[in-house]
Protein chains: 2
Amino acid sequence: MTLDPDFSKNDGLLPVIVQSADDDKVLMLAYMNELAWHRTLETGKAHYWSRSRRKLWQKGEESGNVQTIREILLDCDLDTILLKVVQTGGAACHDGYESCFYRRYADGKLEVVGKRVFDPKEVYKK
Amino acid sequence: MTLDPDFSKNDGLLPVIVQSADDDKVLMLAYMNELAWHRTLETGKAHYWSRSRRKLWQKGEESGNVQTIREILLDCDLDTILLKVVQTGGAACHDGYESCFYRRYADGKLEVVGKRVFDPKEVYKK
């Protein structure tokens, strides 16, 4: 029985669902390669692979809003990872919202339903 | 402002996080193309694109365990979809568990923590 995520799938890049350990809110989706997986296990802080920047990153390395791992679950096919985390700063989204899923879709319209925690202009100076 | 998921990304295949509308448990991850998205909106039942079988499928078309849509949320980049659903039969996973994420990873070991609802041999006759 394979005990680790199967990084032979999806060109070595597996989707990671990130959920709040406090209230089970889904915060974001990111991707891990094997390096990000091991770095996460070693440090207890969520690390991902940025597909656009093509580099390893620690969530919160710029904003300070790191994610501390509470629990890791793997799916039946071992190709999706679910992290339960404590989100420092209360916001996972770079738009300043608690969750990246801050808009509800209904009848072709998007309605903001999420809570904004910070102003991105104040946090990301670059 | 684009109001729909951006199917110009990821070769037209977007990840979909499926969460229970009852208790916010994450049930599974699947993928939608534009066809699956529209079929889901039209019917109110979750439809996905099977990457392995390369075809549209309605969740539960074989087992009867369909997913009725309660809420749809889109992420900041419009390339991930979050569905809140009512899961008929109480099990989303083809292994018979409530959630596909029924195993916890710790110290290189997987521990079953999920609730088994049905025996797959009884449900999938093929």
Side-chain angles (χ1 to χ4, degrees), chain A residues 1-5 9-10 13-20 22-31 37 40-41 51-52 69-84 91-97 99-114 120, chain B residues 1-5 9-10 13-20 22-31 37-38 40-41 51-52 69-84 92-97 99-114 120:
Chain A
M1 183 185 189
T2 311
L3 297 175
D4 286 287
K9 294 184 181 177
N10 296 320
L13 215 52
L14 302 184
V16 182
I17 301 167
V18 187
Q19 194 175 22
S20 165
D22 293 330
D23 63 3
D24 282 346
K25 184 169 285 199
V26 173
L27 300 177
M28 56 185 275
L29 183 104
Y31 292 85
W37 167 252
T40 298
L41 293 181
R51 297 180 302 166
S52 56
I69 309 297
R70 278 291 167 81
E71 194 175 1
I72 301 175
L73 296 132
L74 301 183
D75 81 329
C76 44
D77 296 324
L78 295 173
D79 60 6
T80 306
I81 298 163
L82 174 60
L83 299 181
K84 297 207 176 190
C93 182
H94 69 293
D95 287 344
Y97 290 88
S99 161
C100 290
F101 299 92
Y102 61 84
R103 290 173 299 188
R104 180 190 291 140
Y105 182 94
D107 302 325
K109 295 196 190 78
L110 283 177
E111 177 195 3
V112 172
V113 293
Chain B
M1 183 185 189
T2 311
L3 296 176
D4 286 288
K9 294 185 181 176
N10 296 320
L13 215 53
L14 302 184
V16 182
I17 302 167
V18 188
Q19 194 175 21
S20 165
D22 294 330
D23 63 3
D24 281 347
K25 185 169 286 199
V26 173
L27 300 176
M28 56 185 275
L29 183 104
Y31 293 85
W37 167 253
H38 286 298
T40 298
L41 294 181
R51 297 181 303 166
S52 55
I69 309 297
R70 279 291 166 81
E71 193 175 2
I72 301 175
L73 296 132
L74 301 184
D75 80 329
C76 44
D77 297 324
L78 295 173
D79 60 6
T80 305
I81 298 162
L82 174 61
L83 298 182
K84 296 206 176 191
C93 182
H94 69 293
D95 287 343
Y97 290 88
S99 161
C100 290
F101 299 92
Y102 61 84
R103 290 173 298 188
R104 179 190 292 140
Y105 182 93
D107 302 325
K109 295 195 190 79
L110 283 176
E111 177 196 2
V112 172
V113 293

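Just so it is clear: chains get the letters A, B, ... in the order the sequence lines come, proteins before strands, and each one is counted from 1. Since the structure is predicted, the reported quantities are computational estimates derived from the model, not experimental observations.
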(request) Name the region of B/Asn10, side chain, backbone, both or neither, that has any atom closer than 4.5 Å to a heavy atom of chain A. (result) side chain
(message) I need the B/Ile17 CD1 to A/Leu29 CG distance, nearest 0.5 Å.
(response) 4.5 Å
(request) Drop me the distance from A/Asp75's CG to B/Leu27's CG, to the nearest 0.5 angstrom. (result) 12.5 Å
(message) Within this structure, what is the CZ-CG distance for the pair B/Arg104 and A/Leu82, rounded to the nearest 0.5 Å?
(response) 11.5 Å
(message) Working to the nearest 0.5 angstrom, can you tell me the gap between B/Ile72 CD1 and A/Arg103 CZ?
(response) 14.0 Å
(request) Output the distance between atom SG (A/Cys100) and atom CG (B/Leu78), rounded to the nearest 0.5 Å. (result) 11.5 Å
(message) Could you measure the distance from the CZ atom of A/Phe101 to the CD atom of B/Glu71? Nearest 0.5 Å is fine.
(response) 12.0 Å
(message) Taking every non-hydrogen pair under 4.5 Å, which of A/Ser99, A/Pro15, A/Cys76 racks up the most with chain B?
(response) A/Cys76
(message) Checking A/Tyr97 now: which residues fulfil ring-ring contact (aromatic ring centres under 6.0 Å, His included) with it, not counting sequence neighbours?
(response) A/Tyr102
(message) Can you confirm whether A/Lys84 sits close enough to B/Val26 that some side-chain heavy atom of one is under 4.5 Å from a side-chain heavy atom of the other?
(response) no
(message) Are the side chains of B/Asp23 and A/Asp24 in contact, using a 4.5 Å heavy-atom criterion?
(response) no
(request) Answer with side chain, backbone, both or neither: which region of B/Ile81 has an atom nearer than 4.5 Å to a non-hydrogen atom of chain A? (result) backbone
